[in-house]
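Following: one structure in structure tokens, then a few remarks.
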Protein chains: 2
Amino acid sequence: MARQREDTGLTKNDPTKSRARFRRETPDDRRRQLGEAALRCIVKHGNAGVSVRQIAAEAGVTQGLITHHFGELNELVIYAFDIMASEMLQGLMNVVDQADPTPQGRLNAFIEASFSSMLFDRDVLGVWVVFWGLILHSPKLSFSQQREFSGYVKAVEALLKDLADDEEIAVGDMRLAALSFSALLDGLWLAWCLNPTTFKPEEGVQLCHNWIKGLRLGAYA
Amino acid sequence: MARQREDTGLTKNDPTKSRARFRRETPDDRRRQLGEAALRCIVKHGNAGVSVRQIAAEAGVTQGLITHHFGELNELVIYAFDIMASEMLQGLMNVVDQADPTPQGRLNAFIEASFSSMLFDRDVLGVWVVFWGLILHSPKLSFSQQREFSGYVKAVEALLKDLADDEEIAVGDMRLAALSFSALLDGLWLAWCLNPTTFKPEEGVQLCHNWIKGLRLGAYA
DNA sequence: CAAAAAATTATACGATCGTATAATATCTTG
DNA sequence: CAAGATATTATACGATCGTATAATTTTTTG
């Protein structure tokens with residue numbers, strides 16, 4: 001029996017303008033498009049979205065392109081993770097940099113942004129959860145995550161250190177304090193996304209301020 | 001061309017003793033065995049372990065049994081989640097109940113157990129991460145998780161309330177305080193499992209005590 | 001001990017999966 | 001404008017997936 005031709009699900013890659021049937025793109029551009037398509041697939045279908053065919057279709061391209069540009073699917077996944085992680089931290093720090101340039105103002109902006117729809121979003125968590133699962137089983141991806149997490153905690157540590165310096169708060173180990181605050185943020189994020197009826201984002205903001213009050217009162221001296 | 005017979009991968013289900021080729025079990029027993037086999041598969045292979053064939057092989061049984069006892073795979077997954085979640089909370093509370101029966105002793109035991117290998121384990125997180133991913137896309141599983149999380153936070157709240165009553169600590173909203181402490185624990189757990197070099201479990205315990213010190217100093221009044 | 005009940009196996013079907021290979025189309029360059 | 005470089009498509013292969021169905025085996029029961 002003859003094998004049936006596979007359906008590519010191809011829909012896009014419009015040359016738009018010329019009569020060409022597809023457009024050639026710079027490897028960098030195409031890789032970026034594929035990375036972003038991968039993120040959209042993960043948002044839509046979770047782990048099931050991590051698939052050569054689905055991602056290629058989402059990018060409006062045939063499957064072979066992924067092999068061509070990334071060798072294997074896992075490499076595309078790592079690339080997509082780096083896109084997402086860096087964009088997220090970038091977005092967060094942009095908000096901070098546009099805030100009132102006092103230690104208090106910057107930290108407040110960081111907290112508000114953390115509980116805004118930019119991060120406090122089930123779709124966003126969904127993507128992270130998929131990556132966490134992969135990180136636990138892929139050394140390469142684990143390495144990327146370590147870089148990302150280190151950058152995040154360092155940013156938090158800088159914010160807290162500025163506050164502590166400004167207000168002369170005694171803190172024994174600033175790295176640990178930053179770790180604690182990061183963990184609080186992540187934990188609240190996780191809890192809310194898994195079950196948004198548990199508490200309101202404003203209550204999350206309040207709890208962050210309570211944590212900072214503890215810092216001010218010397219709980220971490 | 002004739003279709004090739006599928007390999008069942010069957011290895012167990014020994015009748016051991018009689019000459020029977022397989023053993024009939026109570027539906028309850030078999031369901032439990034399949035649930036535990038599912039958890040082992042998830043530990044070993046992450047999301048990829050959630051598969052009828054792999055779970056059946058792990059349980060030493062053929063695939064049809066899963067359809068027979070659960071109808072569809074998703075139902076088995078929900079059952080496995082309930083097994084894991086209830087065993088975890090149960091194990092935690094057993095430790096607490098065997099501790100020095102003062103509010104301080106019980107809370108300390110809870111913290112120590114949270115950072116012991118019972119929970120602070122990459123394999124354990126790996127299972128949770130898989131379930132989180134499924135919870136975000138399965139309403140039925142989401143419902144199970146809400147029950148589980150509610151029970152967990154209530155337990156934390158009871159521990160904190162006993163401490164606050166005993167030491168006459170002012171706490172504005174005990175539910176929110178418990179939510180914060182739970183989030184801290186979860187966040188540290190997540191961070192450490194994804195990258196165990198970030199901090200030492202003892203440092204995590206220290207951070208919990210710092211949080212409680214903040215509570216004592218009135219940060220949540 | 002025969003017969004009914006139901007737990008379990010056996011098998012099949014159609015989908016989708018990741019990757020490899022060769023053909024083809026587009027774009028750049030001389 | 002021809003020709004080379006390579007981005008892209010087209011196609012194939014074998015594996016695994018979830019579920020449905022029917023045959024078989026064990027166990028209970030009358």
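So you know, we letter chains A, B, ... as the sequences are listed, proteins then strands, and number each from 1.
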Next item on the list: Looking only at non-hydrogen atoms, find the nearest pair between A:A99 and A:A109 and report the distance.
Entry: CB-CB, 3.4 Å
Next item on the list: Kindly point out which of D:dT27, D:dA12, D:dT8 is positioned nearest to the side chain of B:R23?
Entry: D:dT27
Margin query: So which atom in A:L207 and which in A:L184 form the shortest heavy-atom distance, rounded to 0.1 Å?
Written below: O-CD2, 4.2 Å
Notebook entry, point to check: Between A:T26 and B:E72, which is nearer to the 5' end of DNA chain D once each is assigned its nearest nucleotide?
Noted result: A:T26
Next item on the list: Return no unless some side-chain N or O of A:H68 is found under 4.0 Å from OP1 or OP2 of D:dA7.
Entry: yes
Checklist line | Gap between atoms CD and C1', on A:Q63 and C:dA15 respectively (whole Å) | finding: 14 Å
Next item on the list: Ignoring hydrogens and angles, tell me if any N or O in the side chain of B:W192 forms a donor-acceptor pair with the backbone of B:T198 under 3.5 Å.
Entry: no
Check: From C:dA12, C:dT8, D:dA7, pick the nucleotide closest to the side chain of B:T62?
Finding: C:dT8
Next item on the list: Could you state the atom-to-atom distance from CG of B:L34 to C1' of C:dA7 in whole Å?
Entry: 12 Å
Check: How far apart are the closest heavy atoms of A:S180 and A:Y220, and which atoms are they?
Finding: OG-OH, 3.8 Å
Margin query: Given 3.5 Å as the limit, does a donor-acceptor pair link the side chain of A:S182 with the main chain of A:A178, or not?
Written below: yes
Next item on the list: Among the candidates C:dA7, D:dA10, D:dT25, find the nucleotide nearest to the side-chain atoms of B:R21.
Entry: D:dT25
Notebook entry, point to check: Between B:L76 (CG) and D:dT19 (P), how many Å, whole number?
Noted result: 11 Å
Checklist line | Euclidean distance, atom CG of residue B:D29 to atom C1' of C:dT8 [Å, nearest integer] | finding: 15 Å
Check: CZ of A:F70 versus P of D:dA7: gap in Å, rounded?
Finding: 13 Å
Notebook entry, point to check: Counting side-chain heavy atoms from CB outward, which of C:dC13, C:dA7, D:dA12 is closest to B:R53?
Noted result: C:dC13
Check: For C:dG18, does OP1 or OP2 lie under 4.0 Å from any side-chain N or O of A:S51?
Finding: yes
Note to self: If I take atom CD in residue A:E25 and atom P in nucleotide C:dT26, what distance separates them, rounded to the nearest angstrom?
What the structure shows: 14 Å
Check: Looking at D:dT8, C:dT8, D:dA12, which one has an atom nearest to any side-chain atom of B:R30?
Finding: C:dT8
Margin query: When the axes are fitted on five pairs at both termini, how much does the helix from C:dC1-D:dG30 to C:dG30-D:dC1 curve, in 10° steps?
Written below: 0°
Margin query: Rounded to whole Å, how long is the line connecting atom NE2 of A:H69 with atom C1' of C:dT19?
Written below: 16 Å
Note to self: Need to verify one output field. Residue with the more 5' nearest nucleotide on DNA chain D, A:L65 or B:T67?
What the structure shows: A:L65
Check: Is the shortest side-chain N to carboxylate O distance from B:E36 to B:R31 below 4.0 Å?
Finding: no
Margin query: Tell me the closest heavy-atom pair linking B:G35 and B:Y79, and the distance in Å.
Written below: CA-CD2, 4.2 Å
Check: Can you find a donor-acceptor N/O pair under 3.5 angstrom joining the side chain of B:R24 to the base of C:dA6?
Finding: yes
Could you go through residues 118-132 of chain B and list every donor-acceptor pair under 3.5 Å that involves a side-chain atom there, pairing it with any protein atom two or more places apart or in another chain?
unit_1	atom_1	unit_2	atom_2	d
B:D121	OD1	B:D123	N	2.6
B:D121	OD1	B:V124	N	3.4
B:R122	NH1	B:C193	O	2.7

Checklist line | Euclidean distance, atom CG of residue A:N74 to atom P of C:dC17 [Å, nearest integer] | finding: 17 Å
